[in-house]
Amino acid sequence: MTSLHLEDDYALEVYPRRAINIVRGQGAILWDDKGGEYLDCAAGVGVANVGHANVAVAKALARQAETLITCPGILYNDQRGQLMQKLVELSPPGLNRVFLCNSGTESVEAAIKFACKTSGRTGLVAAMRGFHGRTLGALSATFKYRDAFEPLLPDCAFVPLNNIDKLEKAVNENTAAVILEVVQGEGGVRPAQADYLAAARRCCDEQGALLIIDEVQTGFCRTGTLFACERFDLVPDMLCLAKGIAGGMPMGAVLCTDRVQAGIGVHGSTFGGNPLACAAALATIDFMLDHDLAASARDKGEYFLDRFSAKLPARVREVRQVGLMIGIELKEKATPYLKALLQRRVLALPAGPTVIRLLPPLVITSDQLDTVIDALHAVLSD
Ligand SMILES: *Cc1c(COP(=O)(O)O)cnc(C)c1O
């Protein structure tokens with residue numbers, strides 16, 4: 001019996017699954033159990049930025065697995081220390097402290113707790129269409145997926161992205177934090193504007209609230225710079241990271257300014273900062289810098305936009321592209337076209353009902369990108 005059937009028999013169903021059993025990957029290619037080859041424009045939902053089966057990451061993992069896999073936060077560890085130093089050196093100035101965890105939602109959970117602890121307040125302001133994770137705290141700041149779970153955290157207000165007026169009215173003396181994505185991912189690949197992000201920084205400063213920027217999806221070269229907030233000279237009080245941080249190993253991080261207070265016992269994580277994930281993250285980040293994947297994302301993203309837009313199918317309403325984070329908004333539902341792409345062996349993602357989202361590994365080659373563009377043209381023009 002193949003594991004396709006095994007999962008059908010045994011998994012608690014929470015994912016809308018495609019009937020493909022993936023057993024191997026290399027760069028931007030995935031293979032199924034019958035040897036079928038797919039061009040991966042999902043990259044594990046923006047995780048495999050350095051490509052599948054990246055040799056540098058695999059070697060670091062193997063070496064570390066034979067050395068030390070687990071080490072609790074109450075002890076020091078060489079890999080963890082090196083990773084923290086690297087994250088602080090590479091992030092916007094002022095972000096000087098690191099909390100390590102195991103996923104995006106955990107990084108948001110931690111940031112929310114640190115914001116409440118630091119400010120002595122409980123209010124959150126988040127953006128409509130924003131996505132910050134599925135656990136109950138992060139879900140409180142997430143616009144969708146919440147119906148069955150309310151009331152969630154009290155005092156969470158949602159404001160429309162890029163409307164400065166509404167943001168200014170929502171932030172007040174009860175606001176612990178404003179939380180925003182630089183480019184909304186799940187919400188449809190929607191970039192925040194520079195003046196809006198600057199206004200968010202200003203509002204937080206005026207009202208004594210903290211600014212949390214969630215770069216779980218935009219981080220690690222995806223948008224053409226190591227972190228998307230670099231392009232705006234934006235320094236948040238906390239920067240949430242995960243997805244691409246460790247080449248596919250589960251890891252999350254919160255980078256904090258000196259203003260952020262936690263305190264002994266305020267938060268923690270058994271697996272957070274484990275040596276295996278830290279070794280993978282160190283190898284992943286070095287690979288990104290050595291191969292300038294930020295420039296790759298920039299150049300390949302522009303190349304995609306030029307070539308795709310040259311023959312723009314009539315059913316496309318708009319293309320939103322920041323580096324290799326690409327949203328193709330259709331005038332109709334995206335699902336049939338995602339299925340048609342899969343038949344042509346191109347794996348893409350939705351982002352809301354009408355948006356096709358592409359998050360390929362940043363090591364995708366131009367030939368592979370051409371194949372994706374040709375498939376999109378064919379499918380969307382049919
Ligand atoms: C994916 C995502 C999360 C949640 O990350 P998980 O690792 O799935 O918990 C949070 N914020 C943003 C912006 C994301 O894209």
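First listed ligand is number 1; within each ligand, the first listed atom is number 1.
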Problem set entry | salt_bridge(Arg129, Glu186) N-O dist < 4.0 Å | no

May I have the N/O to N/O pairs between ligand 1 and the protein that fall below 3.5 Å, each with atom names and distance to one decimal?
unit_1	atom_1	unit_2	atom_2	d
ligand 1	7 (O)	Gly104	N	2.8
ligand 1	9 (O)	Thr105	N	2.8
ligand 1	11 (N)	Phe131	O	3.4
ligand 1	11 (N)	Asp214	OD1	3.4
ligand 1	11 (N)	Asp214	OD2	2.7
ligand 1	15 (O)	Gln217	NE2	2.7
ligand 1	15 (O)	Lys243	NZ	2.6

Exercise. Is there a donor-acceptor pair under 3.5 Å between the side chain of Arg121 and the backbone N or O of Glu173?
Worked result: yes

Exercise. So do the side chains of Thr365 and Lys300 get within less than 4.5 Å of each other, counting heavy atoms only?
Worked result: no

Exercise. Can you name the residues that form a salt bridge (Lys or Arg N to Asp or Glu O under 4.0 Å) with Arg146, not counting sequence neighbours?
Worked result: Glu150

For this session: Given side chain to side chain contact (heavy atoms under 4.5 Å, CB included), test Leu90 with Leu289 step by step and report yes or no.
Result: CA-CA 10 Å; Leu90 293 172; Leu289 300 177; 4.0 Å; yes

Exercise. Looking at CD1 of Ile328 and CZ of Arg320, how far apart are the two atoms once the value is rounded to the nearest 0.5 Å?
Worked result: 10.5 Å

